Amino acid sequence: MPLAFAHLEGRMAGSARRGPYFCGIDAAMDVVTGKWKSLILWELRQHGPRRFAELRRALPGVSEKMLVQHLREMEEDELVHREVYRQVPPKVEYSLTEHGVSLDKALEALGEWGVARMRRIGAERVPTD
């Protein structure tokens, strides 16, 4: 495999994402790639700590498998904190870390661009609570 693309091999294999990267955009996109990750960030920033079932209800269309996968990757990337409460029945909550909040803030300008695009093309917005 050519050296220029060697960094992609680790991503495809599901191992930790540690570069090397071409640029900062490459490094940032590595942790937000996936349809649901940015929406998970948004949901946790808007509503605070959420249980798994609350996240699943808030993101219509996400499968349980995909949500679990994205939350695990985001926890590995230190974007999300998983808090397990030792009680019966067990309770698990997900919240943003400082690192996750900073990424969500960095995505705000992209979100504003997206809203302007939605207006420009007349796209509908998915209803949220």
Side-chain angles (χ1 to χ4, degrees):
M1 175 178 298
L3 184 57
F5 297 102
H7 75 292
L8 297 175
E9 185 175 17
R11 293 182 207 183
M12 291 180 223
S15 62
R17 291 168 300 283
R18 302 273 182 236
Y21 297 109
F22 291 106
C23 63
I25 295 290
D26 186 21
M29 293 307 294
D30 194 22
V31 296
V32 295
T33 299
K35 175 179 180 176
W36 303 105
K37 288 184 181 179
S38 58
L39 297 174
I40 292 167
L41 284 171
W42 181 85
E43 179 67 23
L44 292 174
R45 180 102 184 270
Q46 293 297 312
H47 300 286
R50 303 289 265 181
R51 296 178 77 167
F52 183 86
E54 292 172 317
L55 282 171
R56 183 123 190 251
R57 278 191 301 273
L59 303 171
V62 68
S63 69
E64 185 172 331
K65 178 184 175 185
M66 189 57 61
L67 185 55
V68 166
Q69 178 183 329
H70 281 337
L71 286 168
R72 284 183 182 155
E73 289 174 5
M74 293 172 79
E75 188 177 6
E76 179 182 307
D77 291 329
E78 300 176 356
L79 301 173
V80 169
H81 173 71
R82 182 178 185 264
E83 181 75 30
V84 179
Y85 295 91
R86 305 288 180 209
Q87 64 185 48
V88 177
K91 177 181 173 182
V92 177
E93 282 186 339
Y94 296 90
S95 59
L96 289 182
T97 62
E98 287 183 34
H99 191 58
V101 170
S102 71
L103 176 58
D104 190 61
K105 285 181 182 178
L107 291 172
E108 284 178 2
L110 184 60
E112 291 168 9
W113 183 90
V115 168
R117 179 179 186 274
M118 288 168 53
R119 274 192 235 109
R120 184 174 57 80
I121 65 173
E124 291 184 32
R125 187 176 193 145
V126 174
T128 59
D129 295 348

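Along the sequence shown, residues carry numbers from 1. This structure is a prediction, so every number in the text was calculated from the model and none was measured.
In plain terms, the two heavy atoms of A58 and R50 that are nearest each other are CB-NH2, 4.2 Å. Of all the heavy atoms in L41 and G100, the pair that sits closest is CD2-O, 3.8 Å. Minimum interatomic distance between R86 and V84 (heavy atoms only, all atoms of both residues): NH1-CG1, 3.5 Å. The two residues E54 and R51 come nearest to each other via the heavy atoms OE1-N, 2.7 Å. Closest approach of T33 and K37 over heavy atoms only: O-CD, 3.3 Å.
Applying the side chain to side chain donor-acceptor pair (under 3.5 Å) definition to pairs two or more places apart or across chains, none involves residues 112-124. Listed by first then second residue, pairs satisfying salt bridge (Lys or Arg N to Asp or Glu O under 4.0 Å) with a partner in residues 61-72 read R56-E64, not counting sequence neighbours. The side chain to side chain donor-acceptor pair (under 3.5 Å) contacts involving residues 87-99 comprise R82-Y94, Y85-E93, where partners must be two or more places apart or lie in separate chains.
The line from CG of L103 to CG of L96 is 9.0 Å long, rounded to the nearest 0.5 Å. For the atom pair CG (L39) and NE2 (H70), the distance works out to 9.0 Å, reported to the nearest 0.5 Å. Between L44 atom CG and L79 atom CG the span is 10.5 Å, to the nearest 0.5 Å.
L110 and V115 sit in two unconnected hydrophobic clusters of ILVMFWY residues. Membership requires side-chain heavy atoms under 4.5 Å apart, directly or through other members. Hydrophobic clustering (ILVMFWY, side-chain heavy atoms < 4.5 Å, transitive): V92 and W36 are in one cluster.
By the side chain to side chain donor-acceptor pair (under 3.5 Å) test, Q46 is found to be paired with no residue, residues two or more places apart in sequence or in another chain being considered. Applying the side chain to side chain contact (heavy atoms under 4.5 Å, CB included) criterion to K105, with sequence neighbours excluded, gives R45, V101, E108. M118 meets the side chain to side chain contact (heavy atoms under 4.5 Å, CB included) test with A123, R125; sequence neighbours excluded.
The residue from V31, V32, I40 that alone fulfils the side-chain contact (heavy atoms from CB on, under 4.5 Å) condition with M74 is I40.
For I121, the CD1 atom sits in a packed shell: over 12 heavy atoms of surrounding residues, nucleotides or ligands are nearer than 6.0 Å.
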